[in-house]
Structure formats: C-alpha cells, structure tokens
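Take a look at the structure set out below.
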Amino acid sequence: AASAASASVSSLPTAILCAGVNASDHSHVFHHICTSVAERHPHVVLLRIESKRCGNLGQLLSTVLEELLLHDIQTEILVLDERDDQETLIKRCCRNPMQALLSWWTDRRERVLERQGAHRAEERGAEKEEKADDERLEAKQQEHVRSSSSLRRGSLSGLATSPTVSSYQESSPETDVLAILFEDFEAISPEVAADFLTLCTNHLKTISFVILLGVATHQELAIRMFPASLTARLDVETFAFADSCSILERIIDEVCITGKQTVPGTDQDPTGDSSAAASAASAAAASSGPVIPEVVRLIDNFDAEYSYVTNEGTRCLFLTNLKAPRRKLIAIDLSSPAPDHWEEVIAHHPSDVISHVGCVAKKYLVVCVLRDVVDRISLHSMDGQEVRVLELPGLGTIEGISGRKQDHELFFCFKSFLSPSTFFRYDFASEQQTVFREVTVKDFDPTLYVAEQVFYPSKDGTKIPMFLVHAKDIVRDGSLPVLLYGYGGFSISIQPTFSTNWIAFIQHFRGMVAVPNIRGGGEYGEDWHEAGIKERKQNVFDDFCAAAQYLIDAKYTVAEKITISGGSNGGLLTAACANQRPDLFGAVIAHVGVLDMLRFHKFTIGWAWCSDYGCADEEEDFTYLIKYSPLHTVNTEKPYPALMLLTGDHDDRVVPLHSFKYIAALQHEAGTNTKNPLLIRVETKAGHGAGKPTSKRLDEAADVYTFIALALGLEWK
C-alpha cells in the first residue's frame, strides 16, 4: 500500500476521466486499473470514454471537453490510446467548436511532416515561421475567448447554455490532473508530442500535473519531447507500456493521496527561477527514471486470510479470520498500519459466519452472513452499524452479489431447495427491493412443498441443524421414503440449493430429502470444521447416523426406507456409516468415495487431503484411520443394505481403485451374509464428475433411482 501519512482530504481530486484502450491484449489491464482505483479512492468517479469515440484528435478533444462540462469534473486523468496513423488522424474533421484549433493543429502537423529529413537550416527557418504562426494563433484564440464569456477551460461553445456550466465554474478548484497513455508512442514525433502538451496546457488552464506514459523510453527522445517551456510548468515521466499500467496506478494513488505536486520554477514556487527549473526538470526526466511512491509493509505473512473490501482515503477495510474463525471486518489506516492500531468494524460473532462484505453506493457496506446455514443479507454504515436487513423469500442461499461503490443499485441471486434462482434488485435511491428476474421449472409447483429446518442431538449432545424438504401434505406415520444426503468435510458448507434430482425424488417417490449439516463442514466456521477432522472424524459419522435416528424417532420414516447418499468425501461418509450401522439404512449410494484411508495420500492429489484426514505414515494418525477406513472395517456380523458404488474409470482426483478395492472386499467378506445387492457402477470415459455431459448424468440418475426403487420397494408415480 502506498504510504502518505501527511494526506490532506481537502486537496483530494474528485473525479477521473478515462478513455478506453483499444488493444485487446491490454484491455484487461486497463479494466483492472479502473476497478482498483475506484475501490481505493471512493471520492474518485471513473468516466470511461471508449476509443471509438476518439477516432481522431479532433473527436478526442471534443469528447474530453464535453465530459468536463457534463459531469462537473474537478480532476481529469485522460488515458489516450493512439491507434490511427498520423495522416488519417490529422485529415479527419472535428466538431465545430474546436475547428479553429484543429485547423492550426493540422497545418502545423503537415508542415512538421514536410520538414522531416530537411536540412537543419531549413528547419530553423521553419521554426521561426511556426513561432510567428503560434503568436498569431495565440492572439486569435485570446480574442475568441474574450468573445465567448461563457467558455471556460476550453469548454464547448455548443454547450455554453448547459445548466452544469455555472456549477462547474463555481465549484471546481485548480487541482486538475491529465495523464496521457500512448500505446504506440514511437509513431509520434517528439515535436507533435510537444505540440499536444502545449495544446492541453493552453486550453485546460488548471492542469498542474501531466503524466506522459508510453513506449518511448530513450533519454534523448524524452528531452526533445519536453522543451523547457513545458517542463517549467509540468512534472513529466516516461515509461515503457509494459510497466506503465502499474506505474499509472501508483501515480494516481500518489496524486489522489497527496494532492498537487509542487513544481520548482512555476507559479507554485514563485521564488524559483523558471529557466533553471526547466533545465533541471528536463535533466530529471531524462535520467532519474520512474518516481515510485514509498511502499510500506502492511501484510506479508500467512497468519490468516485478508480480503480487501474498500477504503475511505487511507482507511482500508479488510475481511479477515485473524483470531476469528467466523471472520470479522477490520479497518487498517495506511498512515498508521501497525497491528496495534487496527480497528474492529464488524466484530466476530459467536455463531454467524461472515461470507461476504462489499461496498455499494459509496456509503453502504453490503454484508452477507451465514446464520444457522441460512444466508442473511443486510446493509451497514461504513462504521459497521446495521442499517437495514433485506427481505428474502425463505430459507436459502445468496449468490452473485453484484454492486460497485459508484453504483446506486445492488443485485443478488437467491436460491433455495424449491427455487432455482430469483434475482433481486435493490435501489438505494428509493430504498425499494424488487424481483429483477425469476427462473421457474416447468411442471413443478413449489407451493405444494415445504423446506424446513430442524435441530437434533448427536451422540455427544452437539446440536446439528438439518433441512427437510417434502410435500406439505405428508403424514408422519413412518412410511416416508427418505434420501439422506451428507458431506461433512474440508470446511464446505452444504447450503440450500435447487436440485432437479432431489425434486424428482420428492415428486415421483412421494418422499423427503434430508440434508444434515454435520461437523467437518464450514457451516459454523473453522471451529465446526476442526470438530470433524483427523482424530475427530468419527464425530462426522456419529452426526450422520444420528440424523437417520432422528427421522425414525420423529416417525417420518423407518430404517428400511432410508437411502443415504454422498460423493467424494461424502462417499467416505456413507461407506463408513454403512460399515458401522448397516441396520440403520435401506440403501447406500457412494459416489467416487475415498475408501482406502491408509493409502489415499499415495495417489494423484490425495496428499492434499492429509489436512482433514491425517496420514497413515504417521503412527498417531494410523491409530485412528484404521478404525474407520471403509476398506479395512467391513462388517462381517450384520447384513448390509443394498449398496451401489459409483466411480469413473478416468477419475484422477479420487482414483477408481478406492471403489474397486472396497467393492471387492464387500463382496468377498460380507457377500454371503446379505441378500441385498452389492454393486459397482463404472462410468467409462468419465472422471470425478465435473464436466460430465448431460447424457451421462441422465443415465446415471436413472440407474441410481432404479436401484433405490428396487431396494426400497418404491413405485415411480
């Protein structure tokens, strides 16, 4: 972060004017500049002018001056992408208000082109002639300005009656900044570049800081580009385009934080000598290289997560989990960045998990928290005080929060077990929330169904939340088919979401989908996650089995009607529970499960899972892994329910050997002790699941539901 302890808020600029970069290979860099600058400087307004509006110099100048009037801009940073060849540039005409000025520019440019390659004596004669032309032009322009009393700073005469002109004249201090970024600077002669600077400084009188960035980096060119008459008034730097984008960001930061720069030998330094200062400035531009703002160390370690949110001047907001497993919002002032000076803006909550914080409409923080596995979205002031809670249609998940600091509207997407996607719009001006778009599913009426949340005790007494989705008219007589889904690992929260497979089970089997939020996930922050890893992994299996027991005790269903399902880490969950409590379920579905807990780390990416599971190469970890590893704990005493493993022959995440070895062990050790099928389904030309084509997904779902129907004696209705 650029440090500027002596920042003066009163001297900060209020707006930035940008012209878009044409080149496709640089447009993403330019977009990054616009975004990052806007986030770091809330007082700055980014006005992007597309390059197509600036096909030639005349159009560019007209557009710039028009924007100055229409937007009451106090500070202008113009990024110019020069793509036209010079002949085309000078021959196109511009709009009338600047015609006289551009006629002079065209004549001068043509003379410069004719003069190139001529003898130096002829050049000196031409320079004298041009000097006379300049004097005549200056007199002409002064007369033009005097005759147009409503014009100011080269404003368009055609807009002189605009109602914004008077307020612009009254409110705009002389703190303007003009930065010109030429992508192909070498195509422009030094004389023309100097003429362009002269034009800008003569007709945008309040410019006090000009930054010229481009490909040209040669000292000789830099000296010729900025004659003493200009360097006496301007601070100038030149950089290669490869570095100019990042340096432009730093310069903008520096200007926005420190305000005007003092240039020796100018009106800002009346005691200096202009000619001496001009020579010094020219020499500095040629030899000193880039002026990079001081950089201070802010955060450079991995003790916690730090996500930048926004800033007000030098006060920056970060979302972090430093000593806060459910995250908190802190403020770090760049003028005093030591951790002892960090301020808590939104405190760490004992149960709510902060999942998102953003800044919209300049003065509001949009905060999304996970409260008992249900998202809640609210508006806060910049000091963290809650202002308003936005309404949601039920238990659900917030996704796609969209709104920038300069915007006056907020969009977000709401999903639930019964709603695919509902997009909401909140207008900060009217303080009204409306439905922007809603996605519906053909032949599905969500009003016939209900999604509710219950809490049940696990084996050790821990309260576990669980979602139940079913028809409104169910009867709790123990006859309800149940699809019990779980995951429980890697700090992944299983929040409400819309699944056509689950809806099909509820609709056509007249069943219920149950989703317990067992430990090992992130539903209550890092503490909840750590309660279900390594030597505490058994908590996950206990939570899941307790969910099935709760449904039986509450007379929703019976053990023979319960199908458990999970994938990957969830495949480990269902297989381990099937081994430990085969009497508690009627069917088991394990997708691409991690089933050999003693050797998982030896294949592909398996080593990365040691953070949750531990590693059998360590004696301490081996002692608990061997106790629940599905491959090594096949139950030979109790008959298994109907069981189907699913894997892909090209799965390079959880390699198929897990499923192959486990199904072989089951059939060999427990196959004679059960009448139920113990099967494996191997999908060819498929992997872990991501990217699987729709045709394969449909075939798989049909096979799974057919297996469940046969195992539980269900009828598709």
Review point. Quick one: does N569's side chain get under 4.5 Å of F490's, heavy atoms only?
Key: yes
Exercise for review: Report yes or no: does T320 contribute a side-chain atom to a donor-acceptor pair with the main-chain N or O of L322 at less than 3.5 Å?
Suggested key: yes
Review point. So F412 and F424, would you call those rings parallel, tilted or perpendicular, with 30° and 60° as cut-offs?
Key: parallel
Review point. In terms of heavy-atom contacts, does CZ of F455 have more than 12 from other residues, nucleotides or ligands at under 6.0 Å?
Key: yes
**Study point:** Heavy-atom side-chain contact between K459 and Q538 under 4.5 Å
**Key:** no
Exercise for review: Taking Y456 for its side chain and D543 for its backbone only, find out whether a donor-acceptor pair lies under 3.5 Å.
Suggested key: yes
Check your understanding: Mind checking whether V540 and D542 have side chains closer than 4.5 Å, heavy atoms only?
Key -> no
**Study point:** Criterion side-chain contact (heavy atoms from CB on, under 4.5 Å) on F428 and E431, from CA distance to verdict
**Key:** CA-CA 5 Å; F428 286 88; E431 298 185 346; over 6 Å; no
Practice item. In plain terms, say whether D333 and R315 are close enough for a salt bridge, that is, a side-chain N and a carboxylate O under 4.0 Å apart. Key: no
Point to revise | Heavy-atom side-chain proximity of Q453 to V373 below 4.5 angstrom | key: yes
Study note, to complete from the structure: From the list V353, I494, I518, side-chain contact (heavy atoms from CB on, under 4.5 Å) with E523 holds only for I494
Point to revise | Under 3.5 Å donor-acceptor, D407 side chain and E409 backbone | key: no
Point to revise | Nearest non-hydrogen partners of A338 and W342, listed with the distance | key: O-CD1, 3.3 Å
Exercise for review: Check the pair L390 / V366 against side-chain contact (heavy atoms from CB on, under 4.5 Å), numbers first and verdict last.
Suggested key: CA-CA 10 Å; L390 302 188; V366 180; 5.9 Å; no
Study note, to complete from the structure: Residues S355 and D375: closest non-hydrogen pair is OG-OD1, 4.4 Å
Exercise for review: Mark yes or no for whether N321, through its side chain, and E305, through its backbone, hold a donor-acceptor pair below 3.5 Å.
Suggested key: yes
Check your understanding: Which heavy atom in N539 sits nearest to a heavy atom in A531, and how many Å separate them?
Key -> ND2-O, 2.9 Å
**Study point:** Over 12 non-hydrogen atoms of neighbours within 6.0 angstrom of CZ in R653
**Key:** no
Practice item. Flag the pair R376 and D352 as a salt bridge only when some basic side-chain nitrogen lies within less than 4.0 angstrom of an acidic carboxylate oxygen. Key: no
Practice item. Considering non-hydrogen atoms only, spot the tightest contact between S416 and P496 and give its length. Key: CA-CB, 4.3 Å
Review point. If you measure from the Lys or Arg side-chain nitrogens to the Asp or Glu carboxylate oxygens, is any gap between R519 and E530 under 4.0 Å?
Key: no
Point to revise | Positive for side-chain contact (heavy atoms from CB on, under 4.5 Å) with E312, one of K363, M382, K362 | key: M382
**Study point:** R425/D427 salt bridge by N-O under 4.0 Å criterion
**Key:** yes
Point to revise | Any H380 side-chain heavy atom under 4.5 Å of I346 side chain | key: yes
Point to revise | Student check: side-chain heavy atoms of V345 and I330 closer than 4.5 Å | key: no
Check your understanding: Do Y308 and Y306 make the cut of ring centroids closer than 6.0 angstrom?
Key -> no
Point to revise | From CD1 (I401) to CG (L410), nearest 0.5 Å | key: 7.0 Å
Review point. Of the non-hydrogen atoms in S458 and A546, which two are nearest, and what is the gap between them?
Key: CA-CB, 3.9 Å
Exercise for review: Kindly say whether the aromatic ring centers of F411 and F423 come within a distance under 6.0 Å.
Suggested key: no
Point to revise | Geometric class of the Y613/W609 ring pair [parallel <30°, tilted 30-60°, perpendicular >60°] | key: perpendicular
Exercise for review: Assess whether side-chain contact (heavy atoms from CB on, under 4.5 Å) is satisfied between L329 and V309, documenting all intermediate values.
Suggested key: CA-CA 9 Å; L329 188 68; V309 176; 3.9 Å; yes
Exercise for review: Please indicate whether E386 has more than 12 foreign heavy atoms, meaning atoms of other residues, nucleotides or ligands, lying under 6.0 Å from its CD.
Suggested key: yes
Exercise for review: Would you check if E526 and S491 make a side-chain contact, meaning some heavy-atom pair closer than 4.5 Å?
Suggested key: yes
Check your understanding: Which atoms form the tightest heavy-atom contact between R327 and I354, and what is the distance?
Key -> NH1-O, 3.0 Å
Practice item. Rounded to the nearest 0.5 Å, what's the gap from CG on N301 to CD1 on I299? Could you check? Key: 8.0 Å
Practice item. Evaluate side-chain hydrogen bond (donor to acceptor under 3.5 Å, both in side chains) for H529 paired with D612, printing each intermediate quantity in order. Key: CA-CA 9 Å; H529 169 226; D612 257 44; 2.8 Å; yes
Revision key, fill the gap. Taken to the nearest 0.5 Å, the spacing of F544 CZ from M466 CE works out to 10.0 Å
Check your understanding: Say you draw a straight line from CG of L370 to NE2 of H356; how long is it, rounded to the nearest 0.5 Å?
Key -> 14.0 Å
Practice item. Verify, without hydrogens or angle tests, whether S307 (side chain) and F318 (backbone) share a donor-acceptor contact under 3.5 angstrom. Key: no
**Study point:** Criterion side-chain hydrogen bond (donor to acceptor under 3.5 Å, both in side chains) on Y524 and D527, from CA distance to verdict
**Key:** CA-CA 7 Å; Y524 291 99; D527 292 343; over 6 Å; no
Exercise for review: Give, for atom CD1 of I377 and atom CD of E391, the distance between the pair rounded to the nearest 0.5 Å.
Suggested key: 12.5 Å
Practice item. Report yes or no: does R326 contribute a side-chain atom to a donor-acceptor pair with the main-chain N or O of H348 at less than 3.5 Å? Key: no
Check your understanding: Does the side chain of P393 come within less than 4.5 Å of T422's, by heavy atoms?
Key -> no
Practice item. Start with the C-alpha distance between N517 and Q495, add both sets of side-chain angles, then the distance that settles side-chain contact (heavy atoms from CB on, under 4.5 Å), and finish with yes or no. Key: CA-CA 8 Å; N517 299 104; Q495 297 180 239; over 6 Å; no
**Study point:** Nearest-0.5 Å distance, OH of residue Y487 to CG of residue L573
**Key:** 10.5 Å
Exercise for review: With side-chain hydrogen bond (donor to acceptor under 3.5 Å, both in side chains) as the test, would you mind laying out the steps for Y426 and R388 before giving the verdict?
Suggested key: CA-CA 12 Å; Y426 181 81; R388 178 172 182 175; 3.1 Å; yes
